[in-house]
Amino acid sequence: MSPGDLAKRTGTDHDVLHRILHVLCQYGIFEHGPGGTFALAEEFAALRKDHPHSVRNRCILLAETYDDAFGALLNTTRTGRTGFDEVFGVSLYEYLENNPDAEQVFDAAMAELARSAAEAVADWFDFSPVRRVVDIGGGDGTVLSTILTRHPHLEGVCFDRPSVCARSSDRAPAVALAGRLTYQPGDIFESVTAGGDLYLLKNVLHDWPWHSCQRILTSARNAMTSADGPQASGLFPPRLIVLEPLLDCKADSVHVLYQTVISGSGAGDFQTPEDIRRLLAEADLEVISVTKLTSGHHAFECTPRPPASPPSSPAERPEGRLADIPREQGS
C-alpha cells in the first residue's frame, strides 16, 4: 500500500508515517514496493493478525504496557518493588480488570504464547485414562482447546478470573468445542473446581511469590482430594501437571528480569527444577516425573502425597523427602 492509503487506514499523519516506514525498511521489517508502496517483509509476516503463528498481540503487550512498566526499572532496582505498580499505581491484574482494551491484548498475547506449550503437552502426555481436564488459570482456553481437539474423548474446564471467563465463553475455542469445553469463574487462591482427573498449571506460578504459590497449589491439591463434584473415571488419584519455563541458560535471565519488573521481586522465587520440587513438596504434592518439553517448559507431574503414618518413635522420624523425588527425565 502507499503511505497515503496507510495513513488513512491508521488515522496517522502522512509525512510522519512515511518517515517511519523508511526507517522500518532500513531494519528489514518493511520493503519498498513498486510505485512508492510499502509491504511487510516475509520474515516479519508473523506480525499479522491472520498469520497462523501470529505474535502481534505479544508485541503490542511488550511494546506498550510492559515497556511502560520498564520506565520504573531504576525504582525496582533500588527497592525490589514492581515497576508496574510504580507506573500504573496498581498491580498488573488490577490494571487489566479496569482496562478492557489492555486486558483483551493481554489475553490474546497469552494465547499466542500458549500455542507451543499446548501442542507439546498434547503430544507428550498419555491422555487415554483421562476424562476431565481442569486448566487452572487457563485464560481463553487455548491450551485446553488444543488438547481436546487432539484427544476427542476428553472434556475440559477452564478455571480463571470471572472477567476472563466472561470474555472467553463466546470465542472460537469455546464455540468449536461446545459441550466439551466450559468456563468456570473463581479465585485460584481460594478454591478450584473439583472432579477432574488431570489439573494443569501453565505459566501461573512464576507470576507470584513463594507464599502465594503455596496458596495456589493448596487450592489445586484440595480439589484433587475433594469428595465433592462428579469424580470422572480415569486417573486415581488425580494428577497435577505444573508447566514452567525455568532458568536453563544465561539467556533465560531476560525472562526473570521482566517478571521482576512486572510482578515484583518476590515473583519467580524459583528458577530451577530443584526450586519447583521444593515448592511442590511443601504443598504436600509428590513428583512422579519431570520432563523437558519441546516448548522449553519443564513439566512436573504430581499427585497428592498420602497422609504420613505417625512414627512410632522419635528415632523413626524421617529427615526429609526431597531425596525421594525422582530424577529429571530427558527432553
**Student:** Closer than 3.5 angstrom, by distance alone: can the side chain of D85 be matched with the main-chain N or O of R81 as a donor-acceptor pair?
**Tutor:**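 No; judged by distance alone, with no hydrogens or angles, the pair does not exist.
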**Student:** For P185, which residues count as a side-chain contact (heavy atoms from CB on, under 4.5 Å) partner, sequence neighbours excluded?
**Tutor:**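 With neighbours one apart ignored, the set is P162, C165.
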**Student:** Tell me if a side-chain donor or acceptor on T291 pairs with a main-chain N or O of L293 at a distance below 3.5 Å.
**Tutor:**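 Side chain of T291 to backbone of L293, a donor-acceptor pair under 3.5 Å: no, none is there.
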**Student:** Report the residues that fulfil ring pair (Phe, Tyr, Trp, His ring centres under 6.0 Å) with F30, sequence neighbours left out, ordered by chain and then residue number.
**Tutor:**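 F30: no ring pair (Phe, Tyr, Trp, His ring centres under 6.0 Å) contacts found.
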**Student:** According to ring pair (Phe, Tyr, Trp, His ring centres under 6.0 Å), who are the partners of Y66, at least two apart in sequence or on a separate chain?
**Tutor:**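 In terms of ring pair (Phe, Tyr, Trp, His ring centres under 6.0 Å), with neighbours along the sequence ignored, Y66 is linked to Y258.
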**Student:** To the nearest 0.5 Å, what is the distance between OG1 on T37 and CE on M1?
**Tutor:**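 T37 atom OG1 to M1 atom CE measures 10.0 Å (nearest 0.5 Å).
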**Student:** Excluding sequence neighbours, so at least two apart, what forms side-chain contact (heavy atoms from CB on, under 4.5 Å) with S116?
**Tutor:**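 side-chain contact (heavy atoms from CB on, under 4.5 Å) check on S116 returns S295.
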**Student:** Testing I136, T142, L243 for side chain to side chain contact (heavy atoms under 4.5 Å, CB included) with K202, which one passes?
**Tutor:**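 For K202, the side chain to side chain contact (heavy atoms under 4.5 Å, CB included) test succeeds with only one of I136, T142, L243, which is L243.
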**Student:** Could you state the interatomic distance from OG1 (T193) to OH (Y199), rounded to the nearest 0.5 Å?
**Tutor:**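 Those atoms lie 7.0 Å apart.
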**Student:** Would you tell me whether D207 and Y93 have side-chain atoms, one donor and one acceptor, within less than 3.5 Å of each other?
**Tutor:**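 Looking only at side-chain atoms, Y93 and D207 do form a donor-acceptor pair, the distance falling under 3.5 Å.
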**Student:** Given side chains that start at C-beta, do those of F300 and L280 come closer than 4.5 Å, heavy atoms only?
**Tutor:**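 They are in contact (side-chain heavy atoms under 4.5 Å apart), so the answer is yes.
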**Student:** For D123, which residues count as a side-chain contact (heavy atoms from CB on, under 4.5 Å) partner, sequence neighbours excluded?
**Tutor:**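 Partners of D123 by the side-chain contact (heavy atoms from CB on, under 4.5 Å) criterion, ordered by chain and then number, come out as R150.
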**Student:** Keeping to residues at least two apart or across chains, list the salt bridge (charged side-chain N to carboxylate O under 4.0 Å, His left out) pairs with something in residues 179-196.
**Tutor:**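 Qualifying pairs: E190-R215.
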**Student:** Check side chain to side chain donor-acceptor pair (under 3.5 Å) between N75 and all other residues, then give those that pass, not counting sequence neighbours.
**Tutor:**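 Once residues adjacent in sequence are excluded, the partners of N75 under the side chain to side chain donor-acceptor pair (under 3.5 Å) criterion are E86.
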**Student:** Atom CZ in F189, atom SG in C213: separation rounded to 0.5 Å?
**Tutor:**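 Nearest 0.5 Å value for the CZ-SG distance: 8.0 Å.
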**Student:** Any non-hydrogen side-chain atom of D135 less than 4.5 Å from a side-chain atom of L201?
**Tutor:**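 D135 vs L201: side chains apart.
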**Student:** Are I262 and V164 joined in one hydrophobic group, where the rule is that I, L, V, M, F, W and Y side chains link up if heavy atoms are under 4.5 Å apart?
**Tutor:**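 No, because I262 and V164 fall into different hydrophobic clusters, even though each may have its own neighbours under 4.5 Å.
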**Student:** Look at the side chain of R115 and the backbone N and O of S54, then say whether any donor-acceptor pair between them is shorter than 3.5 Å.
**Tutor:**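 Yes, because the side chain of R115 sits within donor-acceptor range (under 3.5 Å) of the backbone of S54.
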**Student:** Compare every heavy atom of L144 with every heavy atom of G156, then report the nearest pair and how far apart it is.
**Tutor:**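 Closest approach of G156 to L144, heavy atoms only: C-CD1, 4.1 Å.
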**Student:** Examine distances only and state if a side-chain atom of H297 and a backbone atom of A120 form a donor-acceptor pair shorter than 3.5 Å.
**Tutor:**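 No.
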**Student:** If I compare all heavy atoms of M224 with all of L240, which pair ends up nearest, and what's the gap?
**Tutor:**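 Closest approach of M224 to L240: CE-N, 3.6 Å.
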**Student:** When you measure from the side chain of E282 to the backbone of L279, do you find a donor-acceptor pair of N or O atoms at a distance under 3.5 Å?
**Tutor:**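 Answer holds: no.
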**Student:** Run I276 and V290 through side-chain contact (heavy atoms from CB on, under 4.5 Å) and show every step you take.
**Tutor:** CA-CA 10 Å; I276 294 285; V290 183; over 6 Å; no
**Student:** So which atom in G36 and which in P3 form the shortest heavy-atom distance, rounded to 0.1 Å?
**Tutor:**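 Nearest pair, atom of G36 first, then P3: O-CD, 3.4 Å.
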**Student:** Does the pair R132 and E155 meet the rule for a salt bridge (charged side-chain N to carboxylate O under 4.0 Å, His left out), with working shown?
**Tutor:** CA-CA 5 Å; R132 192 180 194 212; E155 64 179 49; 3.5 Å; yes
**Student:** Rounded to the nearest 0.5 Å, how far apart are CZ of R167 and CG of D160?
**Tutor:**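 If we round to the nearest 0.5 Å, R167:CZ and D160:CG are 8.5 Å apart.
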**Student:** Find out if a path of hydrophobic residues (ILVMFWY) with successive side-chain heavy-atom gaps under 4.5 Å connects L113 to L62.
**Tutor:**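 As far as the 4.5 Å side-chain criterion goes, L62 and L113 are connected within one cluster.
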**Student:** Under 3.5 Å, side chain of T76 to main-chain N/O of G83, donor-acceptor pair present?
**Tutor:**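 Yes, the answer is positive, given that a donor and an acceptor are paired below the 3.5 Å cut-off.
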**Student:** Just how far is it from atom CG of N99 to atom CZ of F106, taken to the nearest 0.5 Å?
**Tutor:**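 With rounding to 0.5 Å, CG (N99) is 13.0 Å from CZ (F106).
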**Student:** Sub-3.5 Å donor-acceptor pair from the side chain of T303 to the main-chain atoms of R239, do we have one?
**Tutor:**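 Pair absent, no side-chain N/O of T303 close to backbone of R239.
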**Student:** What about I60 and V55, same hydrophobic cluster or not, with Ile/Leu/Val/Met/Phe/Trp/Tyr joined at side-chain heavy-atom distances under 4.5 Å?
**Tutor:**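 No.
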**Student:** May I ask you to check whether H18 and H22 show a side-chain donor-acceptor distance below 3.5 Å?
**Tutor:**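 Yes, side-chain donor-acceptor contact under 3.5 Å.
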**Student:** Cut-off 3.5 Å, side chains only: do D5 and S2 have a donor facing an acceptor?
**Tutor:**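 Indeed, the side chains of D5 and S2 share at least one donor-acceptor pair under 3.5 Å.
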**Student:** Compare all side-chain heavy atoms of L205 with those of V242 and state whether any distance is below 4.5 angstrom.
**Tutor:**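 Heavy-atom side-chain distance check passes, below 4.5 Å.
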**Student:** List, one per line, each side-chain donor-acceptor pair under 3.5 Å for residues 43-52, sequence neighbours excluded.
**Tutor:**
| residue | atom | partner | partner atom | Å |
| --- | --- | --- | --- | --- |
| R48 | NE | D50 | OD1 | 3.0 |
| R48 | NH2 | D50 | OD2 | 3.0 |
| H51 | ND1 | H53 | N | 2.9 |

**Student:** Who pairs with A283 by side-chain contact (heavy atoms from CB on, under 4.5 Å), at least two apart in sequence or on another chain?
**Tutor:**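 Listed in chain order: Q214, L217, L285.
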**Student:** Checking side-chain polar atoms at under 3.5 Å, does T65 have a donor or acceptor matched by the opposite partner on D68?
**Tutor:**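 There is no such pair between these side chains.
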**Student:** If every non-hydrogen atom of P238 is compared with every non-hydrogen atom of P304, which pair is closest and at what distance?
**Tutor:**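 Closest approach of P238 to P304: O-CD, 3.7 Å.
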**Student:** Over all heavy atoms of both residues, which pair between S128 and H153 is shortest? Give the atoms and the distance, please.
**Tutor:**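 So the minimum-distance heavy-atom pair works out to O-NE2, 3.9 Å.
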**Student:** Run the side chain to side chain donor-acceptor pair (under 3.5 Å) test on T272 and D275 for me, step by step, so that the C-alpha distance in whole Å, both residues' side-chain angles and the decisive distance to 0.1 Å come before the verdict.
**Tutor:** CA-CA 5 Å; T272 67; D275 293 335; 3.2 Å; yes
**Student:** Could you check if a side-chain atom of P245 sits within less than 4.5 angstrom of a side-chain atom of N203, using non-hydrogen atoms only?
**Tutor:**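 Result yes, sub-4.5 Å side-chain heavy-atom pair found.
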**Student:** Would H206 and E244 count as a side chain to side chain donor-acceptor pair (under 3.5 Å) here? Give the steps.
**Tutor:** CA-CA 7 Å; H206 67 229; E244 286 290 341; 2.7 Å; yes
**Student:** Using side chain to side chain donor-acceptor pair (under 3.5 Å) as the criterion, list what pairs up with D101, not counting sequence neighbours.
**Tutor:**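 Testing D101 for side chain to side chain donor-acceptor pair (under 3.5 Å), a comparison that skips the adjacent residues, returns none.
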**Student:** At their closest point, which heavy atom of V192 faces which heavy atom of A220, and how far apart are they?
**Tutor:**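 Closest heavy-atom pair between V192 and A220: CG2-N, 4.3 Å.
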**Student:** Do E103 and S163 have side-chain N/O donor and acceptor atoms under 3.5 Å apart?
**Tutor:**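 Yes, S163 and E103 have a side-chain donor paired with an acceptor closer than 3.5 Å.
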**Student:** Listed by chain and number, what are the ring pair (Phe, Tyr, Trp, His ring centres under 6.0 Å) partners of H151, not counting sequence neighbours?
**Tutor:**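 Applying ring pair (Phe, Tyr, Trp, His ring centres under 6.0 Å) to H151 gives F127.
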**Student:** Flag the pair W208 / Q259 as yes when at least one side-chain heavy-atom distance between them is below 4.5 Å, and no otherwise.
**Tutor:**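 Answer no - side chains too far apart.
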**Student:** Verify whether one side chain among S289 and E301 offers a donor that lies under 3.5 Å from an acceptor in the other.
**Tutor:**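 On atom types as modelled, these side chains qualify, holding a pair under 3.5 Å.
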**Student:** Under the ring pair (Phe, Tyr, Trp, His ring centres under 6.0 Å) rule, collect the residues that match up with F84, sequence neighbours excluded.
**Tutor:**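 For F84, the residues satisfying ring pair (Phe, Tyr, Trp, His ring centres under 6.0 Å) (neighbours in sequence not counted) are F88, Y95.
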**Student:** Are L74 and V261 joined in one hydrophobic group, where the rule is that I, L, V, M, F, W and Y side chains link up if heavy atoms are under 4.5 Å apart?
**Tutor:**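 Unlinked, L74 and V261 end up in two clusters.
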**Student:** Ignoring hydrogens and angles, tell me if any N or O in the side chain of E286 forms a donor-acceptor pair with the backbone of C302 under 3.5 Å.
**Tutor:**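 No; zero donor-acceptor contacts below 3.5 Å.
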**Student:** For residues F70 and L92: do they belong to one hydrophobic cluster (side chain heavy atoms under 4.5 Å, members Ile, Leu, Val, Met, Phe, Trp, Tyr)?
**Tutor:**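 Looking at the clustering, L92 is in the same group as F70.
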**Student:** For the residue pair V130 and F125, establish whether any side-chain heavy-atom pair is separated by less than 4.5 Å.
**Tutor:**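 Of all side-chain heavy-atom pairs linking F125 with V130, at least one is under 4.5 Å.
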**Student:** I need the L181 CG to S145 OG distance, nearest 0.5 Å.
**Tutor:**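 If we round to the nearest 0.5 Å, L181:CG and S145:OG are 7.0 Å apart.
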**Student:** Any salt bridge linking D197 with R131? Criterion: basic side-chain nitrogen under 4.0 Å from a carboxylate oxygen.
**Tutor:**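 No salt bridge links D197 with R131.
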